[in-house]
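On a predicted model such as this, the values are computed, not experimentally measured, just so you know.
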Amino acid sequence: MAFTLFRNIQTHPLLLYPTAFFRRNNFVFYCMMKSTTQSQTATRENQHSPQIKVSPQTQSKTLDKLTKDYEAIIGIETHVQLSTLTKAFCGCPYNYGAQPNSSICPICMGLPGALPVLNSRVIEFAVKLGLALNCKLSLNSKFDRKQYFYPDLPKGYQISQFDVPIAIGGHIDLDLPVEFGGGHRRFGITRVHMEEDAGKLLHSGNGSYSQVDLNRAGVPLLEIVSEPDMRNGIEAAEYAAELQRVVRYLGVSNGNMQEGSLRCDVNVSIRPIGQSEFGTKVEVKNLNSFSSINRAIDFEISRQVLLHSQGQGDSIVQETRLWEEGSQKTVSMRKKEGLSDYRYFPEPDLPEVIITKEYVDSIRNSLPELPEMKRRRYESMGLSMQDVLFLANDISVAEFFDATIAKGADVKLATNWIMGDIAAYMKNEKVSINEIKLTPQELAELIASIKGGTISGKIGKEILFELIAKGGTVKGLIEEKDLVQAFMSSLFK
């Protein structure tokens, strides 16, 4: 039976030992599958829609037409990989970049007879995110099986949540950067649910085979489904960026898109302005940066508008498309599955997830100040929106700023130093604010010394770079370099 099921999969016989399933430290398992992805993609592209080349000039024109005649409807499904020590349903650790198939066991491999046990930290992180997104929490929720076969999903189904997710009906608030028109936006959150990740396919250079790495199989995810409230690529990209800030502030995920810790699938449709009925929804995958989200949505809007303008609106079908970074376009991947295709049913191996109001309240009381709250506080200090967005974007920068003004530093001067010379140094040296030697205490002391007339701003900069690179104290450097005397003597020339 096994040979029939995997007849298209090639294995390295010398690397496949049944007894090695329990030897995690030295066990390596590879399998390679012959791939016809390129030809299948090309075939599906030809079947689903006409070949249309959208030049930058045409894209600009169709976007202009969109603003007059069409409205885009955009929603995003975001998968957040949780920073737990072990996977969702077993004790295997997950470390990004580890040797392939070095962190797997019978449970995350889906072997017969292996039973899952839920990691309680997954529930804690789900409640945290649900509260942060202003959702209504379900005190009783459950897990379901989402059935589909894919080479990197060893069980043949995914443990997820279907009709009773842990959180529903929330929203997220954000501020658009001034260069994108500014203004406040609120986007609805349909649901947040818990599920497990699949493994990862490593494709060969010529596309003739793929290797399967199951390290990621079973890693806990939270899927956040937005309401279709976004209308352009900029709003969608800023929504995704705000989600990244929220999960980092909460400490539930590192949110690194380049590692796959935060992955976005966007759903795009268009409709004539004034029409209440939605158009045909197209999903776009393979978006690994905020700029890719923006560009992929704008391209897909252009493609759909162009088809409508040519009388080919019926050729827009519900499908999944991939974003090709090199060609800067979307291409057809597969027909979009429906709920009936997944054949959801309750997961029989896991009990209900029951949480108490007291448990929820204890987590609510432990939540940190979130990005939106921090921006409003900074705004109340008299800072410009540009300053506010910069300081609140990175939790480490925000904490450094807060610690500096807590030491008595002038708010605007502290902002200028952090956004100016300190930010420039970090960018040039490719370091974070936690990696520099300067402390908030010494930045506050430096600002006070300049403001009080002890040293000049020019000498202050010299001291600043010394503090950033080597550490020390402001008073110590002033005395060591005899900077007070040098400054004071210059007053009497």
Side-chain angles (χ1 to χ4, degrees), residues 77-96 103 105 107-108 110 114-146 153 155 157-172 189-198 216-226 243-255 260-263 344-368 370:
E77 299 167 10
T78 306
H79 290 87
V80 175
Q81 192 177 93
L82 300 182
S83 297
T84 54
L85 295 177
T86 58
K87 295 184 182 181
F89 304 110
C90 68
C92 293
Y94 174 72
N95 296 304
Y96 177 78
S103 295
C105 72
I107 295 174
C108 50
L115 295 176
V117 177
L118 178 60
N119 183 342
S120 62
R121 292 282 281 176
V122 178
I123 300 174
E124 178 189 339
F125 286 1
V127 172
K128 275 188 175 182
L129 186 58
L131 291 171
L133 296 178
N134 306 287
C135 292
K136 178 183 177 182
L137 294 175
S138 302
L139 298 183
N140 291 66
S141 64
K142 65 180 178 67
F143 283 100
D144 301 275
R145 288 188 179 182
K146 183 180 181 181
L153 191 67
K155 293 194 293 287
Y157 62 86
Q158 179 189 38
I159 299 178
S160 182
Q161 291 190 299
F162 175 46
D163 55 330
V164 190
I166 194 162
I168 59 172
H171 64 267
I172 189 169
I189 302 294
T190 306
R191 58 187 280 151
V192 178
H193 66 258
M194 301 176 284
E195 62 183 22
E196 62 177 339
D197 210 343
R216 201 174 66 184
V219 168
L221 299 176
L222 292 179
E223 180 172 348
I224 305 131
V225 181
S226 81
L243 275 185
Q244 183 188 63
R245 282 187 284 270
V246 169
V247 299
R248 286 176 171 174
Y249 270 60
L250 292 173
V252 302
S253 174
N254 63 28
S261 298
L262 189 144
R263 309 194 292 271
Y344 281 102
F345 68 82
E347 169 57 66
D349 294 333
L350 287 168
E352 280 186 300
V353 177
I354 301 174
I355 56 178
T356 65
K357 185 177 182 300
E358 291 73 23
Y359 175 76
V360 173
D361 288 341
S362 68
I363 293 178
R364 190 193 308 273
N365 294 333
S366 71
L367 291 180
L370 294 168

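- Side-chain N or O atoms of S138 include one that pairs as donor or acceptor with a backbone N or O of P165 at under 3.5 Å.
- Residue P116 comes nearest to I107 through the heavy atom pair CA-CG2, 4.2 Å, listed as atom of the first residue, atom of the second, then distance.
- For the pair F143/D349, no side-chain contact is recorded, criterion being any heavy-atom separation below 4.5 Å from C-beta on.
- Nearest heavy-atom pair, L139 versus K357, reported as atom, atom and distance to 0.1 Å: CD2-N, 4.4 Å.
- In this structure, SG on C135 lies 10.0 Å from CD1 on I172, to the nearest 0.5 angstrom.
- The distance from the OG atom of S362 to the CG atom of L367 is 10.0 Å, given to the nearest 0.5 Å.
- Residue E196 holds its CD atom at 9.0 Å from SG of C108, rounded to the nearest 0.5 Å.
- D197 places no side-chain N or O within donor-acceptor distance of the main-chain N or O of R216, the cut-off being under 3.5 Å.
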>> Before you tell me yes or no, could you show the steps for L222 and M194 under side chain to side chain contact (heavy atoms under 4.5 Å, CB included), namely the whole-Å CA-CA distance, both residues' side-chain angles and the distance that decides it to 0.1 Å?
In response: CA-CA 5 Å; L222 292 179; M194 301 176 284; 3.7 Å; yes
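- Residues that satisfy the ring-ring contact (aromatic ring centres under 6.0 Å, His included) test with F125, not counting sequence neighbours, are absent from this structure.
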> After noting the C-alpha distance and the side-chain angles of V252 and T84, does the key distance pass the side chain to side chain contact (heavy atoms under 4.5 Å, CB included) rule?
Replying inline: CA-CA 8 Å; V252 302; T84 54; over 6 Å; no
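- Two residues are said to be in side-chain contact when any heavy atoms from C-beta on lie closer than 4.5 Å; V164 and N140 fail this criterion.
- For R145 and Y157, the positive end sits near the middle of the six-membered ring, less than 6.0 Å away and at most 45° from its axis.
- Side chain to side chain, T86 and N119 meet the donor-acceptor criterion of an N or O pair below 3.5 Å.
- Of the possible donor and acceptor atoms, none in the side chain of R121 sits under 3.5 Å from a partner among the backbone N and O of L82.
- In this structure the side chain of N134 never reaches within 4.5 angstrom of the side chain of I189, judged on heavy atoms.
- D144 contributes no side-chain N or O that, together with a main-chain N or O of Q161, makes up a donor-acceptor pair within less than 3.5 Å.
- Between R364 and D361 there is a side-chain heavy-atom pair separated by less than 4.5 Å.
- In this structure, the side chain of Q244 engages the main chain of G255 through a donor-acceptor pair within 3.5 Å.
- Taking the side chain as every heavy atom from C-beta outward, L131 and V360 approach each other to under 4.5 Å.
- A donor-acceptor contact shorter than 3.5 Å is absent between the side chain of K128 and the backbone of V247.
- Looking only at side-chain heavy atoms (C-beta outward), L85 and P93 stay at 4.5 Å or farther from each other.
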>> One pair to check against side chain to side chain contact (heavy atoms under 4.5 Å, CB included): S253 and R248. What are the steps and the verdict?
In response: CA-CA 6 Å; S253 174; R248 286 176 171 174; over 6 Å; no
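- Checked by atom type and distance alone, the side chain of R263 pairs as donor or acceptor with a backbone atom of G260 at under 3.5 Å.
- A heavy-atom distance below 4.5 Å is found between the side chains of L250 and L370.
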> When you look at L118 and F89, which way does the side chain to side chain contact (heavy atoms under 4.5 Å, CB included) test go after all the steps?
Replying inline: CA-CA 5 Å; L118 178 60; F89 304 110; 3.7 Å; yes
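- For the pair K146 (side chain) and I159 (backbone), a donor-acceptor distance under 3.5 Å is absent.
- Contact of the I224 side chain with the L129 side chain is registered, since non-hydrogen atoms from C-beta on lie closer than 4.5 Å.
- For the atom pair OH of Y94 and OG of S83, the computed distance is 11.0 Å after rounding to the nearest 0.5 Å.
- The nearest pair of heavy atoms linking L137 to A167 is CD2-CB, 3.8 Å.
- With hydrogens and angles ignored, the 3.5 Å screen pairs a side-chain donor or acceptor of T356 with a backbone N or O of Y359.
- For K142 against P346, the heavy-atom pair with the smallest separation is NZ-CG, 4.2 Å.
- Heavy-atom minimum distance, S226 versus T190: O-OG1, 3.3 Å.
- Here the CD atom belonging to E358 is positioned 12.0 Å from the CD1 atom belonging to I363, to the nearest 0.5 angstrom.
- No donor-acceptor distance shorter than 3.5 angstrom exists from the side chain of E195 to the backbone of E223, with no hydrogens or angles considered.
- Taking each heavy atom of P220 and V122 in turn, the nearest pair found is CB-CG2, 3.6 Å.
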